[in-house]
Structures are given as structure tokens and as C-alpha cells.
Student: 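Take a look at this one; I'll ask things after.
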Amino acid sequence: MRKRIFSGAQPTGELHIGNYLGALKNWVALQNEYDCIYCIVNLHGITLPQDPLTYRRKTLDLAKIYLAAGVDPAHSTVFIQSDVPEHAELTWVLSCISRMGELERMTQFKDKMQKGGGNRERAGVGLFTYPVLMAADILLYQTDLVPIGQDQKQHLELTRDLAERFNRDFGEAFVIPEAFIPPVGAKIQSLADPAKKMSKSDENAAGSIFLLDKADTITKKIKRAVTDSGTDISFDPARPAITNLLTIYHLLSGMPKDECVEHFRGKGYGDFKGELAEVVIEFLRPFQERVEQYADDDLGAILKSGAEKARGIAGETLAAVYRKTGIK
Ligand code: TYM
């Protein structure tokens with residue numbers, strides 16, 4: 001039997017090239033080797049306020065992004081989290097074996113609370129229990145491997161802890177999943193501030209290249225991207241801005257790292273940025289054309305059959321969990 005992959009993204013903002021290079025690219029690359037399940041995690045999205053008038057639209061648009069990136073519904077299961085109620089049900093059971101202390105240590109919770117004003121008294125409980133829902137997503141499907149960016153590593157470790165705790169206390173119910181974090185591209189930084197990761201929720205759109213950005217916007221963002229002192233175009237941990245830009249060039253062009261350095265030897269930032277913009281634009285052009293091709297009707301059938309398949313697997317896991325805990 002093929003090993004299983006599960007991963008997902010939130011429909012909370014436009015996906016950017018960090019999401020693509022850290023996660024989606026690997027979802028696609030791994031789909032022939034693994035039995036893959038890719039979820040649009042709309043229940044996670046509401047841990048921060050969303051506009052009810054556009055949220056459903058954004059959820060469906062994210063499905064189009066998955067498909068345009070190369071997720072093939074003939075090979076992989078694609079579904080919307082809220083179509084499989086077992087996610088919320090298992091979250092409850094897992095929250096009963098989760099500890100306040102371990103959730104309080106989650107850096108994403110601390111960061112998001114900080115962004116919301118830093119007032120613990122007013123921080124959302126959903127934001128706090130977010131990683132438990134993520135654990136339920138993964139564990140429901142007896143997942144072996146979870147392709148994610150660096151920022152989700154801590155959540156994956158928590159997932160493993162919860163699975164081990166449940167298996168120990170109630171009997172074997174879950175496979176212990178492993179993270180798949182790519183060696184390069186797991187943490188693409190903001191173009192406006194190389195000390196910060198590229199983030200959907202960043203108020204400063206200049207820091208992110210969104211997958212649906214038009215050519216002139218991309219050119220502008222790259223031209224304005226922050227650079228470090230010095231002139232070399234090279235990978236150098238002491239110069240995070242140029243390293244980040246060159247990493248994007250390397251991953252999107254497919255040119256090996258040493259060839260990239262060779263290619264830009266003696267050239268200045270201006271030339272480099274021009275070529276980088278071209279590579280990004282040429283990479284995104286066919287992607288954006290594919291996004292336009294999907295009609296909502298085609299999407300409906302894919303998501304419906306995805307949810308049916310997902311429910312079959314999730315239902316079995318939840319039934320085992322309810323048996324082992326004496327609930328049923
Ligand atoms: P989300 O929606 O924030 O991001 C989707 C994926 O993109 C990765 N990512 C990045 N990779 C490289 N550089 C960046 N700057 C960057 N920013 C984001 C994320 O690591 C992620 O893999 N909690 C998850 C969604 C989720 C999930 C799951 C993932 C819910 N349940 C179960 C895997 C398995 C999240 O918020 O991703």
C-alpha cells in the first residue's frame with residue numbers, strides 16, 4: 001500500500017510564492033508516489049475574523065489554486081474541511097488530552113495574539129486550540145507524511161505528541177506522522193523585510209508576491225525589494241535579503257544553486273532583479289491561465305467526490321477513537 005500524505009492551506013488571503021515553494025510544490029511533486037489528501041482548511045480560517053460575504057468564494061478559489069498548481073484530482077483527494085464533520089469531532093476528543101501548557105508554547109499562537117494587540121484576555125480560544133484542529137486533520141487520515149513549510153513544524157510536533165499520548169493511554173488508533181520540510185524554500189522571507197517570513201496576513205502587500213499578481217505588480221515589488229549591503233549575488237547567511245531573492249530565483253528557474261551564482265557573477269542588483277522578475281512572471285503566467293480555466297461546476301464535482309472519499313477514511317478513524325474512549 002502507498003504511504004499517505006495529508007496537507008492543507010487556509011483560505012484566508014491570497015496564496016503567495018512562499019506557500020507555493022514551501023508546500024504546494026511538494027504536494028504536487030509527491031502525488032505520484034503517495035496517496036495524497038489535500039484539504040482547504042476553512043475551519044482554521046475563522047480563528048481570525050473573515051468576511052462572511054466573501055469567505056465561501058475564497059474557499060472555492062483556493063481549490064482552483066490547488067488544481068492550477070498541479071494537484072491532480074485523478075490522483076489526489078481534494079476537499080473542504082467543513083464538508084467532513086469528523087474534523088471538528090476528533091478535535092474535541094484530542095482537546096481533552098491536550099494540555100494548556102503545550103498549547104501556550106505554540107509560537108504561532110503567541111505571534112497571532114501579539115498581532116491582535118497582545119491582550120491575552122481578549123485572544124480567541126479558537127486561535128489557542130487551532131493546533132488541535134490541525135492535529136485532528138492529520139490524524140484522521142492515518143497520515144505518514146505532512147509536507148509543510150518551516151512555520152508549521154511545531155504544530156506537527158504537537159500532533160505527534162497527541163497521537164503518541166492517545167495511543168499510549170487508549171490503545172493504538174493513530175499513525176505517528178512525520179513532517180516533510182523541503183531543504184530549500186521552507187521559509188521564504190518578506191521582500192520588504194528579510195527578517196520576517198512572507199505571510200498572507202502581512203498588512204504590507206509589498207512584502208509578498210501573490211500567485212495571482214500581475215506582471216507589472218511583480219516587477220514593481222521585486223524592484224523595490226530590500227537588499228543588503230555589498231554587491232555580490234550569492235547565497236550568504238549574513239546577507240538574508242539577497243539569499244532570499246536568489247533562493248526564489250533558484251527554485252522557480254530550476255537552475256542549480258552554483259550555476260545561479262555563476263550566472264550572476266559580476267552583475268549588479270539591477271540586472272539580477274530584472275531577471276528575477278522575468279522568471280517569476282514566466283512561472284506564474286501559465287499558472288494564472290490555468291486558474292481561469294476552472295469553472296465552479298467542475299470544482300463542485302471534484303470537491304464532492306473528495307469529501308466523500310475523505311469521510312470514508314475519517315469515519316473509520318473516528319469510530320475507532322470513540323470505541324477506544326468508551327464513547328460508543
Ligand atoms: P497556511 O495556510 O498558513 O500556509 C500553507 C502552507 O504554506 C507554508 N508557508 C510557507 N512556506 C515557505 N515560506 C513561507 N513564507 C510560508 N508561509 C507559509 C505553510 O507552512 C503551509 O505548509 N496550519 C496550516 C494549515 C493546516 C495544515 C493542516 C497543514 C491546517 N491543517 C494539516 C498541514 C496539515 C497553515 O496555516 O498553513
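FYI, the numbering just counts along the sequence from 1.
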Student: Is the H263 ring parallel, tilted or perpendicular to the Y249 ring (thresholds 30°, 60°)?
Tutor: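 The rings of H263 and Y249 lie parallel, inter-plane angle below 30°.
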Student: Between F272 and F264, what is the ring plane arrangement, given parallel below 30°, perpendicular above 60°, and tilted in between?
Tutor: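 Correct class here is perpendicular.
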Student: Between E89 and Y322, do the side chains contain a donor N or O and an acceptor N or O under 3.5 Å apart?
Tutor: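 There is such a pair (donor and acceptor under 3.5 Å, judged by atom type) between the side chains of Y322 and E89.
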Student: Scan Q10, K58, R56 and name whichever one has a side chain to side chain contact (heavy atoms under 4.5 Å, CB included) with Q50.
Tutor: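 Per the side chain to side chain contact (heavy atoms under 4.5 Å, CB included) rule, the option paired with Q50 is K58, out of Q10, K58, R56.
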Student: Which of parallel (below 30°), tilted (30 to 60°) and perpendicular (above 60°) describes F235 and H250?
Tutor: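 Rings of F235 and H250: perpendicular, as their planes differ by over 60°.
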Student: Less than 3.5 Å apart, which donor and acceptor atoms pair up between the side chains of residues 222-234 and the rest of the protein, not counting sequence neighbours?
Tutor:
unit_1	atom_1	unit_2	atom_2	d
D228	OD1	I242	N	2.8
D228	OD2	A241	N	2.9

Student: Should R57 and D61 count as an ion pair when the cut-off is N to O under 4.0 Å?
Tutor: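 Counted as a salt bridge, because a side-chain N and a carboxylate O are separated by less than 4.0 Å.
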Student: Under the ring-ring contact (aromatic ring centres under 6.0 Å, His included) criterion, do Y141 and F6 qualify, and how do the steps go?
Tutor: CA-CA 7 Å; Y141 299 95; F6 181 97; 5.2 Å; yes
Student: Does atom NZ of K267 have more than 12 heavy-atom neighbours from other groups under 6.0 Å away?
Tutor: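 Enclosed: over 12 neighbouring heavy atoms sit under 6.0 Å from NZ of K267.
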Student: Would you check if the side chain of R290 reaches a backbone N or O of A69 as a donor-acceptor pair within less than 3.5 Å?
Tutor: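 Side chain of R290 to backbone of A69, a donor-acceptor pair under 3.5 Å: no, none is there.
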Student: Parallel, tilted or perpendicular: which describes the rings of H87 and F79, with under 30° parallel and over 60° perpendicular?
Tutor: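 Taking F79 first and then H87, their aromatic rings sit tilted (interplane angle of 30° to 60°).
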Student: Under the side-chain contact (heavy atoms from CB on, under 4.5 Å) rule, collect the residues that match up with S199, sequence neighbours excluded.
Tutor: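 S199 satisfies side-chain contact (heavy atoms from CB on, under 4.5 Å) with K115, K197, S201, D202 only.
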Student: Rounded to the nearest 0.5 Å, how far does CG of L133 lie from NE2 of H44?
Tutor: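 That separation rounds to 3.5 Å.
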Student: Distance only, no hydrogens: is a donor on one side chain within 3.5 Å (strictly under) of an acceptor on the other, for T317 and Q142?
Tutor: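 Yes, Q142 and T317 have a side-chain donor paired with an acceptor closer than 3.5 Å.
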Student: Please assess R265 against E262 for the test salt bridge (Lys or Arg N to Asp or Glu O under 4.0 Å), listing each intermediate value before the final yes or no.
Tutor: CA-CA 5 Å; R265 195 179 302 281; E262 201 47 50; 2.9 Å; yes
